[in-house]
Amino acid sequence: MENTVVIGAQWGDEGKAKITDLLAQKADIIIRYQGGCNAGHTVVAGGKTFKFHLVPSGILYKGKICFIGAGTVIYPEVLKEETDNLKKENIDLSGLKISPLATITMPYHIDLDGASEAGAKHKIGTTKKGIGPTYTDKISRHGIKVQDLFDEEALQLKLDEILPLKNKELKEIYGLKTYSKEEITEICKNYADILAPYVCNDWQKIYNNALAQKKTILFEGAQGIMLDVDWGTYPYVTSSNPVAGGACTGSGFGPSVIKDIIGVSKAYITRVGEGTFPTELKDETGDKIRETGAEFGTTTGRPRRCGWFDAVVAKYGVLVSGLTSMAVTKLDVFDTFDEIKICVAYKDKRDGSISEYYPTNINTHKYLEPVYETHKGWKSDISKAKSYDELPENAKKYLARLEELMGVKISIISVGPGRDQTIFV
Ligand code: GDP
Ligand code: IMO
Ligand code: MG
C-alpha cells in the first residue's frame, strides 16, 4: 500500500473508521490529523464493536504507531475514558503517541460551546465537545498546547494572559461560572498526568526514520469534506479541515509523501446537526434508510437525517480533496429497496436553470431541487458478497453509474459493518 489519506466525502459518519481499520493492517504509522472527540468512529472486529473518538482506528493491530496529530484538539477527560476502555479490552496502547503540538480542549471550551449553542438564534447543532471554542483559541493564539502542560513556566505565562479574557467572556457574555488560576492549574496537572504516557517529543526522529525506511503512512480524517471549515456548508460545519490538505497541516508530513486519497461515501447521505443538504428525505423513505442503516450518532446518539446519494456533492469532494478513488459503504442498506435515486444535478426553482456544480452559498439552497435519476433495486441480500462479480447486476449498474458521475473509480465496496464484509475492487 502507498501512503494514503482516508477522508469522509460527505457530512461525516460515512464509515471511515471501518475503512481505516482495514487499511491500517498494511500501514506502519496511522495519524489522526484533525478534529477532536466530536468524532465517533466505529470498528467492528472479532465480534466486538469499538467506538473511537480520538484514538486512531489503527490501534487494534499490535505494533503500529498511532499518532494523534498536531492538528487535533484533545479533551483529556474523553481521552482517558477512551484509553481506559481500550485497556479493559486488553488493547495494546504502547504505539499510541500524542503530538506535543496538539491543542487542549479546556473546561471553559466545553462551557462556551454549550452556552453559545443554547443562546444562538441559528444553532449549528454541535456535538458540545468544545471543538469550535478550542479551535477559535488556537487560531487567535490563545490555545494551550499539549507541551504547555509539561512546562510550568510557559503554562503560567499563558494562563495570566488568557484566563482573565476567558473569565470575562464566561461571566459577562454568558453569565457562567469563572475559573480561578489555581483551579485551572490543578486541572492542567491532572491533564498532564492523563497525557504523559503518550506524549511524543521525539516525533521528528520517528518521522525521519519513517521517511528514510519508506514506512507506510495512513492519514485518518474525521468528519467529512462537507463539514470542512473552508469548503463545507459554512457556517454549519466543524472548525477544522477534514479535506485532504488538512492531512498535511495536521500531521506534519508534506504533500509530496501522499500518494492515494480515498474518499468514503455512503451509498446514500446522512447528516447530523443543522444545515441543509439538498437530497434530504423528510418522508418514510428517509425513515426507512435511517432504520435499515441504524443511522444514529456514534458520539451523541442523535438520529441522523437521511437522503439519496448526491453525485454533485461527491464530484465537489473529488475536486477539493483530489480524491484518487472512492470507498462506497452501506450498500447493503438498499437490499430491500424497489428503487434507488441518485441526484445528478440541481434545478434552481427561481429560473429553472440546471447546474451540476455545488453552490457554496448555502443561502441559495432553499431554491434548489435535486434532479434525480432512478435505478432499480436488486432486492437481495448482498451482505455476504465477497467479490464484485458476486454482486447482483442492478447493484453493479448503480455503482458503475456512481463512478461515471463522480469521475473516480470505486476502490472499496462495503456491504456490512464487519471486516469481512468488504470488497476490494
Ligand atoms: P465514521 O465516523 O465515518 O467512522 O462512521 P461511524 O462509525 O460514525 O458510522 C458508521 C456506522 O456504519 C458504524 O456503525 C459502522 O459499524 C457501520 N457500517 C460501516 N460500514 C457499513 C456497511 O457497509 N454496512 C452497514 N450496514 N453498516 C456499516
Ligand atoms: P465523524 O468523524 C458527523 C457535526 C455536528 C455539527 C457540526 C459542528 O464521526 O464523522 P462540532 O461539535 O464539530 O463543532 O459540530 O459538525 N459533526 C459531525 N457529524 N460525524 C462527525 O464525526 C462529526 N463531528 C462533528 O453534528 O453539525
Ligand atoms: Mg462517526
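Values reported hereafter were calculated over all heavy atoms of this structure, with side chains retained and with hydrogens, waters and symmetry mates removed. Order of listing sets the numbers, starting from 1, for every ligand and every atom in it.
- The distance from ligand 1 to the heavy atoms of S414 drops below 4.0 Å at these ligand atoms: 20 (N), 21 (C), 22 (C), 23 (O).
- Counting atoms of ligand 1 from 1 in the listed order, those under 4.0 Å from a heavy atom of H41 are 1 (P), 2 (O), 4 (O), 7 (O).
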Provide, line by line, the atom pairs where ligand 2 and the protein bring an N/O atom each to a distance under 3.5 Å; else say none.
from     : atom 1 : to   : atom 2 : distance (Å)
ligand 2 : 2 (O)  : H41  : NE2    : 2.6
ligand 2 : 2 (O)  : Q223 : N      : 2.8
ligand 2 : 9 (O)  : D13  : OD1    : 3.0
ligand 2 : 9 (O)  : G40  : N      : 2.9
ligand 2 : 9 (O)  : G40  : O      : 3.0
ligand 2 : 10 (O) : D13  : N      : 2.8
ligand 2 : 10 (O) : D13  : OD1    : 3.4
ligand 2 : 10 (O) : K16  : NZ     : 2.6
ligand 2 : 12 (O) : T127 : N      : 2.8
ligand 2 : 12 (O) : T127 : OG1    : 2.5
ligand 2 : 13 (O) : N38  : ND2    : 2.9
ligand 2 : 13 (O) : T238 : OG1    : 2.6
ligand 2 : 20 (N) : D13  : OD1    : 3.1
ligand 2 : 20 (N) : D13  : OD2    : 3.4
ligand 2 : 22 (O) : Q223 : NE2    : 3.4
ligand 2 : 24 (N) : Q223 : NE2    : 3.2
ligand 2 : 26 (O) : G125 : O      : 3.4
ligand 2 : 26 (O) : V272 : O      : 3.0
ligand 2 : 26 (O) : R302 : NH2    : 2.9
ligand 2 : 27 (O) : V272 : O      : 3.2

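- Qualifying salt bridge (charged side-chain N to carboxylate O under 4.0 Å, His left out) partners for R305, counting only residues two or more places apart in sequence or in other chains: E280.
- Close contacts between ligand 1 and A17 involve ligand atoms 4 (O) [criterion: under 4.0 Å to a heavy atom].
- Looking from atom 15 (C) of ligand 1 to the surrounding protein, the closest heavy atom is T42 CB, 4.0 Å.
- Only the side chain of K18 comes within contact range of ligand 1, with a heavy atom under 4.0 Å; no backbone atom does.
- The protein heavy-atom contact nearest to atom 28 (C) of ligand 1 is K330 CE, 3.6 Å.
- Heavy-atom contacts of D332 reach the following atoms of ligand 1: 22 (C), 23 (O), 24 (N), 25 (C), 26 (N) (cutoff under 4.0 Å).
- Judged as a side chain to side chain donor-acceptor pair (under 3.5 Å), and not counting sequence neighbours, K62 has no contacts.
- Looking at G40 next to ligand 1, an N or O pair under 3.5 Å apart turns up.
- Any protein N/O/S atom under 2.8 Å from the Mg ion (ligand 3) was counted, giving 2 altogether.
- By the criterion of a heavy-atom distance under 4.0 Å, the side chain of R304, and not its backbone, is placed next to ligand 1.
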